[in-house]
Asks: 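Structure in structure tokens, see below.
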Protein chains: 2
Amino acid sequence: MIKVILVEDNFFLQKALEEKLSNFSDIVIKDSAQNGEEAIAILEENHVVDLILMDIEMPVMNGIKATEIIKTKYPQIKIVMITVFDNDDNVFNAIKAGADGYLLKETKAEKIYEAIIETLAGGAAMSPSIAMKTLKLLKNPIPFETANETELVELSTREIEVLEHLSKGLKNKDIADNLFLSTSTVKKHIENIYRKLQAHNRIEMLQKAKQNKLI
Amino acid sequence: MIKVILVEDNFFLQKALEEKLSNFSDIVIKDSAQNGEEAIAILEENHVVDLILMDIEMPVMNGIKATEIIKTKYPQIKIVMITVFDNDDNVFNAIKAGADGYLLKETKAEKIYEAIIETLAGGAAMSPSIAMKTLKLLKNPIPFETANETELVELSTREIEVLEHLSKGLKNKDIADNLFLSTSTVKKHIENIYRKLQAHNRIEMLQKAKQNKLI
DNA sequence: AAAGAAATAAGCCGTTTGGCGTATTTTTAC
DNA sequence: GTAAAAATACGCCAAACGGCTTATTTCTTT
């Protein structure tokens, strides 16, 4: 029997999770907490627990802080984050805190179950979009982000695609080939990106793109 | 229809992969290669390809080198590594090379299919043990010191000055003004930098310069 | 159904870049 | 004191880029 604790402040989501896991006979939900502090209190009573499904956004004490504390005191307990938000900071901080997995709330019951099994087997479970973020973080070690509250420039999907190709050093012709566009269109996209970012050449654009967290 | 290319030197494993994927009607195996060089040759003929399943250990050109080259020229093509070895260096180097996923060869057909779908949707696919490795790498950012043992290219003092100006997005004329040079000289310096770094435009140069810890 | 945004594409024109050869002067190293 | 490396500079040419205008098509959103 796999002993699981749920930590989730939203009552309905907590019930939904219970429901999802109820189909799997080898999992027993030992207890539930509404925030990090409660979770820690529960563990202090009795820490015979295999795995914790932990929300991130919670009042009193959030999931990342709780993970940090629990992992320090009970490193053998696996912790899988379950959250709606997958922004870089959350992912990175959760990993830093020692999370063994990171799932999005939309994840299906079957996948959550798999994640639990795989995590207990020593692996890590991640929703694909999270996995992609970890890869990007690994490739580009820029975790030192200062809280920049200036509003960021937005680019369209296509513009970002073009931007990504530009950032590899490709020339317009090659970008056009790759995206099945004419060079005219690529040029137009670049022109629009330049206007939005107030850049006048590729390097300026890449700098501004970084500042705006577009790449 | 999802167009996939297999790159795998072992004939039987290649056939096994084909077999595994044949159950999924929306996947078509467009071509197969026995090593990296062959794969690149195929793409140069026709790069209308969605995803490549790439072995790592291969003669002539291994999968990591091939991934590096393909990702530079065709960044929109997704590449998922499929290998028996999951040692840290392989994982880290594959990520550095730009791989979008990393599966072990024991992975079941259904999982490979899921991985393909998820990768094309912009996510990343990883076997759980690989995911765990990436988490560990992220938590302990050691690899950036150790993984780079290649000797670095050296630039002259003046070349570095020019490089620094280039990195701000300045044009030759402005650099010349700032450094009290003629544009011809600036051009010559840039030409020399290009040769040393094997770059052919400014963005490539900046990438290579970063790799060589020049900026 | 209409309005608005996004994506597509072409043409024009001047500027900039990248690649090549050549050549002189200055600095550094042996 | 000479050889090698670095820095300086010019010219030529084709390719690529950046800026501007115009226009059609395809999505969204209301």
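What you see is a predicted model, and the numbers here were worked out from it, not measured in a lab. In what follows, chains carry the letters A, B, and so on, assigned in the order in which the sequence lines appear, proteins first and then strands, with residues in each chain numbered from 1. Keep in mind that the numbers below use all heavy atoms, side chains included, and drop hydrogens, waters and symmetry copies.
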Asks: Thinking salt bridges, do A/D55 and A/K105 make one under a 4.0 Å N-O criterion?
Replies: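 Counted as a salt bridge, because a side-chain N and a carboxylate O are separated by less than 4.0 Å.
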
Asks: Give, ordered by number, those residues of residues 169-185 of chain A having at least one heavy-atom distance below 4.0 Å to an atom of DNA chain C; if nothing qualifies, reply none.
Replies: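 Within residues 169-185 of chain A, the residues near DNA chain C are A/L181, A/S182, A/S184, A/T185.
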
Asks: Strictly by modelled atom types, are A/E8 and A/S32 linked by a side-chain donor-acceptor pair under 3.5 Å?
Replies: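 Result is no, nothing qualifies.
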
Asks: Taking the nucleotide of DNA chain D with the nearest heavy atom to each, does A/K188 or B/H189 sit closer to the 5' end?
Replies: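 Residue closer to the 5' terminus by nearest nucleotide: B/H189.
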
Asks: Are side-chain N/O atoms of B/K196 and B/N212 paired as donor and acceptor at under 3.5 Å?
Replies: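 No pair is found: no donor N or O on one side chain lies under 3.5 Å from an acceptor on the other.
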
Asks: Counting distance only, does the side-chain N/O of A/K96 pair as donor-acceptor with the main-chain N or O of A/I64 below 3.5 Å?
Replies: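 A pair under 3.5 Å: no.
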
Asks: Expressed in angstrom and rounded to an integer, what is the separation of B/K187 atom NZ from C/dG19 atom P?
Replies: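 That distance rounds to 10 Å.
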
Asks: Say you draw a straight line from CG of B/N35 to CG of B/D9; how long is it, rounded to the nearest 0.5 Å?
Replies: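 Spacing of CG (B/N35) from CG (B/D9) equals 8.0 Å.
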
Asks: Is it the case that B/Q76 and A/E161 place a side-chain donor and acceptor less than 3.5 Å from each other?
Replies: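 No donor-acceptor contact under 3.5 Å links the two side chains.
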
Asks: Would you call A/I112 and A/L103 a side-chain contact if the rule is heavy atoms closer than 4.5 Å?
Replies: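 A side-chain contact exists here, since the closest heavy-atom pair is under 4.5 Å.
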
Asks: Enumerate the residues from residues 191-205 of chain A whose closest heavy atom to DNA chain D is under 4.0 Å, giving them by residue number; use none for an empty result.
Replies: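 Correct list: A/E191, A/Y194, A/H200, A/N201, A/R202.
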
Asks: Report the distance from atom CG of A/L166 to atom C1' of D/dA16, rounded to the nearest whole Å.
Replies: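 Checked: the CG to C1' distance equals 13 Å.
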
Asks: Is there a side-chain polar atom (N or O) of B/T157 under 4.0 Å from OP1 or OP2 of D/dA6?
Replies: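 No, no such contact exists.
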
Asks: In whole angstrom, what separates A/L155's CG from C/dA6's C1'?
Replies: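 It works out to 13 Å between those atoms.
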
Asks: Would you call A/D177-B/K73 a salt bridge at under 4.0 Å N-O?
Replies: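 Salt bridge absent between A/D177 and B/K73.
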
